[in-house]
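Below: one structure, written as structure tokens.
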Amino acid sequence: MSEISVKTIGSRISKWGEGPLWWKNHLIYVDIEDHKLVKLDPATEEERVWDMGERIGTVVPCERGGYLYAGDLGISTFDPSTNDKIVRADPEAEKRPDNRFNDGKCDVAGRFWAGTISTVKKTGNAALYMFGADRKLRTKITDLTNSNGICWNAKATKMYHIDTPTKQIRSYDFDVISGDLSNSQIAVDTAAHGYTSSPDGMTIDENDNVWVAFCHGACVVCFDPRTGEQLQMIDLPCVETTACAFGGPNLERLFVTTGIHKKIEEDHAGKVLVIDGLGVKGVPAFAYKG
């Protein structure tokens, strides 16, 4: 294994970077608090930035072109060629005004999974939703507080999900045809591993091990979700490490988004970090098929 290195990439400093995803040789991510969608070319470090006019927690590419994203106003499509935005679903607008959408991804069938967060930290007031290719929204998990990292194993038989305040990664048996979930179990209890910081965004590698960025924790950690074992921990040079995604030509680089701490001044806060030399590859992202 080559030596592990960590460096910053790109020039942008996000207030709260999140939701990285590798697509067509670019890293796509969001700056939640600055209402931005960012497309970064790691080869040139050029960045294209769109103002979305709301806090957005996650974004995915659409198979037909453009993007699908989720934020303050619900789940929306965005055409970057025209800047047109169309709200497609907003399940909590009236009954939960203090909530917004947070993290999410597409499964192998091209359905968009995105969860909400209670911005006033009201326990059990958030949920995880599935927005199908038929553009119908279905509620999948309720009684959440901060729906966060989500990913699936290579066979699409298991889904992993984080409700951040629980400090747990839960596993679900996953039916790829219907999108149904069953058999909820604790896969990893990060508190039992001694972490006092919060598990945030998550990705999965070619070996079906999950990589989790720890908010307030200055690290990413690899766990085997089948055994709960911690396999590797990488220290990072800023406190607010928010989410991670494999990318690069062979999906061998781990990109980590970060945010700016409210009280601590740090040189690298808000930058995108890239970790090289891990000796493991990620898996491809999926586009929305609706």
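None of the values given here were measured: they were computed from a predicted structure.
The pair Lys140-Asp180 meets the salt-bridge criterion, with a side-chain N (NZ, NE, NH1 or NH2) lying under 4.0 Å from an Asp/Glu carboxylate O. Taking a cutoff of 4.0 Å between a charged side-chain nitrogen and a carboxylate oxygen, Arg12 and Asp34 qualify as a salt bridge. Salt bridge Arg48/Asp41: absent, no basic N to carboxylate O contact under 4.0 Å. At a threshold of 4.0 Å, the pair Asp134-Arg138 counts as salt-bridged, since one of the basic side-chain nitrogens sits closer than that to a carboxylate oxygen. We find that Asp173 and Lys158 are joined by a salt bridge, their nearest charged nitrogen and carboxylate oxygen being less than 4.0 Å apart.
To the nearest 0.5 Å, the span separating OG on Ser11 from CD on Glu47 amounts to 4.0 Å. With rounding to the nearest 0.5 Å, the separation of CD in Glu33 from OG in Ser14 is 11.0 Å.
Both Ile32 and Leu37 sit in one connected hydrophobic cluster of ILVMFWY residues. Membership requires side-chain heavy atoms under 4.5 Å apart, directly or through other members.
A search for ring-ring contact (aromatic ring centres under 6.0 Å, His included) contacts involving His193 returns Phe223, not counting sequence neighbours.
Cluster note: Ile13 groups with Ile260 through ILVMFWY side-chain heavy atoms spaced under 4.5 Å, whether in direct contact or through intervening members.
The side-chain heavy atoms of Pro165 and Asn146, taken from C-beta on, include a pair separated by under 4.5 Å.
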Validation: residues 247-256 side-chain donor-acceptor distances under 3.5 Å, sequence neighbours left out:
{"from": "Glu252", "atom 1": "OE1", "to": "Asn250", "atom 2": "N", "distance (Å)": "2.9"}
{"from": "Arg253", "atom 1": "NE", "to": "Asp276", "atom 2": "OD1", "distance (Å)": "2.7"}
{"from": "Arg253", "atom 1": "NH2", "to": "Asp276", "atom 2": "OD2", "distance (Å)": "3.0"}

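Not less than 6.0 angstrom separates the ring centroid of Phe101 from the ring centroid of Tyr69.
Between Tyr67 and Phe78, the angle of the ring planes stays under 30°, which puts this pair in the parallel group of the 30/60° scheme.
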